[in-house]
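For reference, the structure is listed below as structure tokens.
For ligands, and for the atoms within them, numbers begin at 1 and follow the listed sequence. The structure presented is a predicted model; accordingly, all values stated were derived computationally and were not measured. Just so it is clear, the values below take in all heavy atoms, side chains as well, and ignore hydrogens, waters and symmetry mates.
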Amino acid sequence: MIDLHMHSNYSDGSMNPEQLLEEAQSLGLTAIALTDHDTIDGVPEFMQLGEKYQITTVPGVEISVDTKMPNNGHMHILGLFIDPHATGLKDTLNYLLTQRNLRAEKIIRKLNELNVDITMEELLAEAGEGAIGRPHVARILVRKGAASSIQEAFDIYLAKGKPAYMDKVKLGEADAIKMIRDARGLAVLAHPHLMNYDTFDEARQKILELRELGLDGFEVYYSGMPAEYTQNLLTLSREYDFVISGGSDYHGLNKDDVRMGTGKNSDLNIPDEFVKQLKEAKRKKFETLNV
Ligand code: AMP
Ligand code: ZN
Ligand code: FE
Ligand code: FE
């Protein structure tokens, strides 16, 4: 079994890269990918430790894409097998990180205006190694009694449309895919069903548009994806020669109903051979591009 989608404490997961590998080893996984949100800071450490745990480590990243989606849907694109030393990738992710910190300052200012006592120093301490996100703000609010739970902190202050909500700077579809290609990675649409199109046909149209921009494939194995949706994706992948992938989207204690490898409700069991197929797809992609 393998798991090609998970988060460490470099973004919003609760475990560090080594703890992820320990967990993977105890579950008998043969390959895992680290796909933190908009950062690759955990990747070097992760790659270096793979051998110690006898697990194939796949370097990755998960990019939030700025695009219009129906029904509060969202688009995330995974870069798998990226080169973490690629300069364009590092520069772009650093830019996103800077913008994220500016946004955090705006959220703090807004909360202070609302008479909530919270400082940037507290927030930086809470985020530790990781990129600052709204969940960090929420945890502080709960600790200080400004909200009774993480969910309430979002519902009162931080969710879209609430008083302390601030937009995040994100890459567009073309820029996200290009950045991944430039870092010699495969661009894989994460959890396609969460784009929230009303019909599969609309999702299909969008996926074919992304293909024109260089999308290589999509996740087909993801907890909670309707079985019919999975079947439709498998058909589409055969039709256009898309690569397929999948994973649990493990976040450790930060999403405690999701298990590494098997996902939510143990509905996942991704076979080992997908890693080989993805590797082969990468070889082909960059061989034919001749770069
Ligand atoms: P950020 O990257 O700072 O925008 O934070 C995004 C994270 O916040 C997501 O991964 C979720 O874990 C969490 N989140 C976003 N919206 C909500 C919401 N309405 N309720 C609870 N958690 C949320
Ligand atoms: Zn996450
Ligand atoms: Fe995602
Ligand atoms: Fe994820």
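- The atom of His191 nearest to the Fe ion (ligand 3) is NE2, with the search restricted to N, O or S atoms.
- Note on Glu62: counted as a metal contact of the Fe ion (ligand 3), an N/O/S atom lying under 2.8 Å.
- A side-chain contact (heavy atoms from CB on, under 4.5 Å) with Lys168 is found for one member of Gln99, Arg134, Arg103 and no other, namely Arg103.
- As for Asp249, its N/O/S atom nearest the Fe ion (ligand 4) is the one called OD1.
- Using a 4.5 Å heavy-atom threshold, the side chains of Asp38 and Glu62 count as separate.
- Between Phe242 and Tyr240, the ring planes lie tilted relative to each other; the angle falls in the 30° to 60° range.
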Audit row: Tyr157, Tyr165, side-chain contact (heavy atoms from CB on, under 4.5 Å) steps and yes/no: CA-CA 7 Å; Tyr157 297 112; Tyr165 175 80; over 6 Å; no
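- Among the backbone and side-chain atoms of His76, an N, O or S atom lies under 2.8 Å from the Fe ion (ligand 3).
- With no hydrogens or angles considered, no side-chain donor-acceptor pair links Ser14 and Asn254 at under 3.5 Å.
- In summary, His37 places no N/O/S atom under 2.8 Å from the Fe ion (ligand 4), failing the contact criterion.
- Vertex the Fe ion (ligand 4); arms to His7 NE2 and His5 NE2; angle rounded to 10 degrees, 110°.
- Look at His37 and the Zn ion (ligand 2): an N/O/S atom of the residue is under 2.8 Å from the metal.
- A cation-pi arrangement, defined by a distance under 6.0 Å to the six-membered ring centre and an angle within 45 degrees of its axis, is absent between Arg184 and Phe81.
- With 2.8 Å as the limit, Asp249 does not count as an N, O or S neighbour of the Zn ion (ligand 2).
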